[in-house]
Amino acid sequence: MDLLDTLTAKGLRGEVPTREEALAVLATTDDELLDVVAAAGKVRRRWFGRRVKLNYLVNLKSGLCPEDCSYCSQRLGSKAEILKYTWLKPDQAADAARAGVAGGAKRVCLVASGRGPTDRDIDRVTDTMAAIKDADPEVEICVCLGLLSDNQAERLKAAGADAYNHNLNTSEGTYGDIATTHTYADRVDTVQKAHGAGLSACSGLIAGMGESDEDLVDVVFALRELGSDSVPVNFLIPFEGTPLAKEWNLSPQRCLRILAMVRFVNPDTEVRIAGGREVHLRSMQPLGLHIANSIFLGDYLTSEGQAGQADLDMIKDAGFEVEGAGEATLPRHRADVAEAAAGGGCGTAASACGSGGGCGPCGGHAHGAEAASPEAVAPQTQDGDELRSDLVKVRRRGAGTELAPNA
């Protein structure tokens, strides 16, 4: 039995591949790419059918973060020309959330930049969650505020949060290369605090920061061991004004292989295509839906995504359907485990958020600054393809602005 047959059989049984098998997925050739997608697609459909979960981001507080994460446009010393604002009022955040829910999102992700929340910040988020739940009691809420202190996860759970997002981002062995103001162990501790409080744990990675295949496999297996219910897969956007501005290392084919590896290691876990999909997958985004079962709708935290209606059209045209509010995201056996951990609470999978230790480049899906001038020489990917710099845009609408959101 060849590699893909073995991986498919294991995935259909909910079994995890070996590290060697996971590495072999990343080493497949472009000639084998559609076979890899098809194999991962069988596993995806076994556990999630043809449903796609939609998640919507609300950036409660943007920029001015004291952490030095190399990938983040909100980092200490960042020169990226992103929106910067302090906390949105609860009614402002609720209005922003309403736009996403109206577009089909079943989960709203509340995100704030910074190292971690103060007790006053927890109060702010509690008031914001109440305002959102008043408008739509059925909406799921994921919170992403950075590193948690003792009892803060419990307070968020008691206030109605369903999930908490905090990414590992990369392997333990290379984490010190991308951040020095906190450690990999700090991130693990926060995920464990959230899980221990009964919140659905959402934690993922960022690909394209110059890591090796071994690093990618290391972090994906670590996420599996942590019991993450949801794994957001972000593709680095080398944001102008950050230390990783010249790290253009991804091609659409590479991104699909990474998604497939994550799916095989997490056959029955929510896998989300998160930051960077429009820039790096480009016209091959629909193939990603055959592997992942979750995406964000419309814009991100500090960057523009494609129009929300374009996301919905893509899902329909690819033969998938939007997951309804009444449908459980996780398979029953995974939901049972999540409910037990939560004391009967939310059993659906968490979604990714960002910032302050969140899910994506620039603290959550940050794309580059304004598109390069026509005279500029377009950067090259590792495969020599020109990048679509016209897709790299700072968010100038939605939460924190006077312009309507792109939901």
Side-chain angles (χ1 to χ4, degrees), residues 11-16 40-57 97 100-110 129 132-133 136-144 156-157 160-165 191 194-204 223-224 226-233 262-263 265-274 289-297 311-312 315-316 318-353 359:
L12 295 178
R13 295 193 298 265
E15 297 176 4
V16 180
K42 290 180 182 178
V43 177
R44 179 245 201 269
R45 291 191 299 276
R46 164 69 176 86
W47 301 107
F48 301 96
R50 304 192 74 83
R51 305 188 312 275
V52 177
K53 183 174 183 177
L54 297 182
N55 311 270
Y56 189 70
L57 288 161
V101 173
K106 67 181 291 183
R107 175 159 294 200
V108 172
C109 307
L110 302 177
M129 287 192 291
I132 292 172
K133 292 276 191 178
D136 188 345
E138 300 301 316
V139 69
E140 299 173 8
I141 296 181
C142 180
V143 181
C144 178
L156 290 170
K157 174 66 178 176
D162 299 293
Y164 195 83
N165 164 255
V191 176
H195 223 169
L199 292 167
S200 185
C202 172
S203 190
L223 292 166
R224 177 79 187 186
L226 268 178
S228 181
D229 295 322
S230 174
V231 179
V233 181
V262 174
R263 170 56 70 201
V265 177
N266 299 275
D268 55 359
T269 298
E270 180 185 353
V271 174
R272 181 176 304 102
I273 315 175
L289 295 178
H290 287 272
I291 304 171
N293 62 296
S294 182
I295 64 171
F296 285 100
L297 179 72
D311 289 333
L312 297 175
I315 291 168
K316 181 179 179 181
F320 293 90
E321 60 187 22
V322 174
E323 184 173 290
E327 296 180 281
T329 299
L330 289 178
R332 186 67 255 169
H333 68 282
R334 285 296 305 273
D336 288 342
V337 172
E339 286 173 0
C346 174
T348 56
S351 76
C353 301
C359 71

State, to 0.1 Å, how close [X] and [Y] come at their nearest heavy-atom pair, and which atoms those are.
X	Y	result
Pro232	Cys202	CD-SG, 3.9 Å
Leu12	Trp47	O-CZ2, 3.5 Å
Cys109	Asn55	SG-CB, 4.3 Å
Ala201	Val191	CB-CG1, 4.1 Å

- Query: Does the side chain to side chain contact (heavy atoms under 4.5 Å, CB included) test come out yes or no for Val108 and Leu110, once each step is laid out?
  - Reply: CA-CA 6 Å; Val108 172; Leu110 302 177; 3.9 Å; yes
[atom1]/[X] to [atom2]/[Y] distance, rounded to the nearest 0.5 angstrom?
X	Y	atom1	atom2	answer
His290	Arg50	NE2	CZ	6.0 Å
Phe296	Arg272	CZ	CZ	5.0 Å
Arg45	Ile291	CZ	CD1	11.0 Å
Ile273	Ser294	CD1	OG	9.0 Å
Thr269	Asn293	OG1	CG	9.0 Å
Leu199	Leu156	CG	CG	6.5 Å

So, does [X] use its side chain to make a donor-acceptor pair with the main chain of [Y] at under 3.5 Å?
X	Y	value
Arg263	Pro267	yes
Arg334	Pro331	no
Asp162	Ile141	yes
Arg46	Arg13	no
Lys133	Val139	yes

- Task: Assess the side chains of Thr329 and Glu270: does a donor N or O sit below 3.5 Å from an acceptor N or O?
- Result: no
- Task: Show your reasoning for whether side chain to side chain contact (heavy atoms under 4.5 Å, CB included) applies to Leu54 and Ile295.
- Result: CA-CA 6 Å; Leu54 297 182; Ile295 64 171; 3.7 Å; yes
- Message: Given Leu297, which partner from the list Asp311, Val322, Ile315 fulfils the side-chain contact (heavy atoms from CB on, under 4.5 Å) test?
- Response: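 Exactly one option meets the side-chain contact (heavy atoms from CB on, under 4.5 Å) with Leu297, and it is Asp311.
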- Can Asn266 and Leu223 be said to form a side chain to side chain contact (heavy atoms under 4.5 Å, CB included), step by step? CA-CA 9 Å; Asn266 299 275; Leu223 292 166; 5.5 Å; no
- Salt bridge flag under 4.0 Å for residues Asp136 and Arg107: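 Not counted as a salt bridge, because no side-chain N and carboxylate O are separated by less than 4.0 Å.
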- Query: Of the options Glu321, Glu327, Glu323, Glu140, which is the one that meets Lys53 in a salt bridge (charged side-chain N to carboxylate O under 4.0 Å, His left out)?
  - Reply: Glu140
